[in-house]
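Computed from a predicted model, the values in this text were never measured in an experiment. To find a chain, count down the sequence lines: A is the first, B the second, and so on, and within it residues start at 1.
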Protein chains: 2
Amino acid sequence: MFKETKTHEVTTDVVIFTIKDGKLKVLLVRRAHEPFKGKWAIPGGFIRISETIDAAALRILKEKTNVQNIYLEQLYTFGDPLRHPTARVITCAYFALIRSDDIVLSFEDNSEITEVEWHPVYNLPPLAFDHKEIIEYSLKRVRERLEFCPIAFQLLPEKFTLTELQKSYELILDKKLDKRNFRKKFLALSILKELDEYTKSGSKRPARLYSFNEITLNSKRGHFFS
Amino acid sequence: MFKETKTHEVTTDVVIFTIKDGKLKVLLVRRAHEPFKGKWAIPGGFIRISETIDAAALRILKEKTNVQNIYLEQLYTFGDPLRHPTARVITCAYFALIRSDDIVLSFEDNSEITEVEWHPVYNLPPLAFDHKEIIEYSLKRVRERLEFCPIAFQLLPEKFTLTELQKSYELILDKKLDKRNFRKKFLALSILKELDEYTKSGSKRPARLYSFNEITLNSKRGHFFS
DNA sequence: ATTAAATAGTGTATTTTGTACAAGTATATT
DNA sequence: AATATACTTGTACAAAATACACTATTTAAT
């Protein structure tokens with residue numbers, strides 16, 4: 001298919017999750033050029049020759065969201081020769097969880113892209129390349145991680161209610177959880193700091209606010225929810 | 001460090017585990033050339049331009065061990081620009097578990113290599129590149145997998161005793177397990193076929209032989225040992 | 001034939017973890 | 001004051017994990 005003398009291109013793509021408008025969303029960019037011109041894709045780019053892969057992924061993340069210091073994990077490397085129609089592009093995919101508040105999406109004068117937007121994970125538009133598969137695999141991985149460590153805290157503000165925390169789990173796992181069991185389990189882990197503050201009851205009964213203790217993962221069995 | 005016009009090279013390295021002489025071992029090759037001439041390394045090679053990464057890893061595995069149809073899983077992609085002293089080489093690492101019996105190690109007239117040998121995982125020689133890190137990470141992953149699915153069966157012969165099975169778990173997890181609990185748990189999973197055969201008591205009391213049913217993973221919670 | 005040595009095999013009691021499930025409490029609104 | 005809404009809390013049961021010690025079968029030695 002390709003000449004053996006042709007070289008591989010190596011990129012990184014980053015699946016960026018957030019919770020916005022009560023939905024789990026991923027950041028997508030609209031492609032300005034072929035292949036897949038006009039199609040939505042997950043943000044990505046070439047890995048520079050003297051840059052670690054992690055650094056490249058962080059760079060992509062920062063270009064689009066201006067966010068740094070975030071949970072970013074290498075997901076999988078996708079390298080089917082047919083995943084790109086005209087070149088051999090191997091992509092090392094990452095995923096990240098961020099809070100969507102105080103984030104300004106940007107193109108950064110990037111002629112590669114005509115739009116940047118959050119899209120509901122459970123209702124995606126047609127995507128370029130194998131990006132649908134990449135997102136699905138990310139979601140699977142996030143769910144696995146959630147069983148072991150409360151990475152959902154990346155999605156929440158500094159101070160949050162237990163209901164908000166539970167909601168973030170429900171959005172990721174895509175199922176309802178029992179309120180009493182959820183609280184019991186979480187409080188038993190003693191990773192939450194109970195604050196003496198309450199939501200300024202915009203609605204009904206104010207809810208107590210919590211924050212995370214410095215995260216020290218690996219509780220005995222490490223499992224959270226299944 | 002490198003000129004931005006220089007291209008990445010992309011390889012795959014495969015950590016191959018086996019149990020031999022009552023020890024958990026990995027397959028290492030001795031490098032014939034610089035860099036790290038004469039040092040031990042895990043087997044690897046360039047990914048061909050029209051080959052999937054999985055296919056490349058399987059090819060490497062077959063070149064060295066003549067084994068096919070084996071549990072092979074992508075581990076992680078290592079891409080630190082400093083991991084190779086003179087080039088930018090990104091490697092997509094895999095790991096595999098195989099039975100060491102009926103395996104003939106081979107160089108396949110490969111001038112890259114002067115030796116191929118099994119080495120105890122818990123007592124490795126100095127290794128080329130970041131291969132020590134890759135092996136350590138493989139081991140971590142194998143342990144994680146072991147909690148969910150009985151991949152240890154890849155290490156055992158067709159017919160085996162419960163003691164042998166337990167031993168393989170103990171070697172990988174590097175700790176003793178309780179015999180009665182181990183058996184109870186495994187038998188409850190009904191993935192074992194109890195045979196009407198026994199070890200031809202080379203030593204003391206003969207032990208019953210078992211084989212695996214067709215593996216259907218994902219029992220309810222999926223966990224085995226911690 | 002008896003005994004010793006080695007490995008195989010087995011069951012119960014306790015603790016921990018997971019799950020199912022419903023009523024009372026604090027605030028805002030009317 | 002009554003009502004609506006979201007917040008908070010505990011117990012009983014089931015399932016899973018863990019701790020723990022003796023008997024059984026064979027070979028080898030006397």
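Checked against dA26(C), dC7(D), dC21(C), the side chain of Pro206(A) finds its nearest nucleotide in dA26(C).
Side-chain atoms of Arg208(B) stay outside donor-acceptor range of the base of dA8(C), with no qualifying N/O pair under 3.5 Å. A donor-acceptor contact under 3.5 Å links the side chain of Lys184(A) to the base of dT19(C). In the interface, the side chain of Arg205(A) is paired with the base of dT25(C) through a donor and an acceptor atom under 3.5 Å apart.
Each of Arg180(B) and Asp178(A) was assigned the nucleotide of DNA chain D with the nearest heavy atom; the assignment lying further toward the 5' end belongs to Asp178(A). Residue whose closest nucleotide on DNA chain C sits further toward the 5' end, between Leu209(B) and Lys204(B): Lys204(B).
Of the N and O atoms on the side chains of Thr91(B) and Asp13(B), at least one donor lies less than 3.5 Å from an acceptor on the other residue. Defined by atom type and a distance below 3.5 Å, a donor-acceptor pair is present between the side-chain atoms of Arg183(B) and Thr163(B).
Rounded to an integer number of Å, the gap from CG of Asn181(B) to P of dT14(C) is 16 Å. We find that CG of Leu177(B) is positioned 13 Å from C1' of dA17(D), with the value rounded to whole Å. Here dC7(D) presents its C1' atom at 17 Å from NZ of Lys200(A), a figure rounded to the nearest Å. Rounded to an integer number of Å, the gap from CZ of Phe182(B) to P of dA8(C) is 13 Å. Separating the CZ atom of Phe160(A) from the C1' atom of dC7(D) is a distance of 16 Å, rounded to the nearest angstrom. Note: NZ (Lys175(A)) to P (dA20(C)) measures 10 Å, nearest angstrom. A straight line from NZ of Lys167(B) to P of dT7(C) spans 11 Å, rounded to a whole angstrom. Look at CD on Gln166(B): it is 14 Å from P on dT7(C), rounded to the nearest Å.
A salt bridge links Glu73(B) with Arg141(B); the closest basic N to acidic carboxylate O contact falls under 4.0 Å.
Contact annotation: the side chain of Tyr210(B) never approaches that of Lys159(B) to less than 4.5 Å [non-hydrogen atoms, C-beta and beyond]. Two residues are said to be in side-chain contact when any heavy atoms from C-beta on lie closer than 4.5 Å; Leu155(A) and Ile98(A) fail this criterion.
Among the atoms of the strands shown, only primed sugar atoms or phosphate atoms (P, OP1, OP2) are found under 4.0 Å from some heavy atom of Thr163(A).
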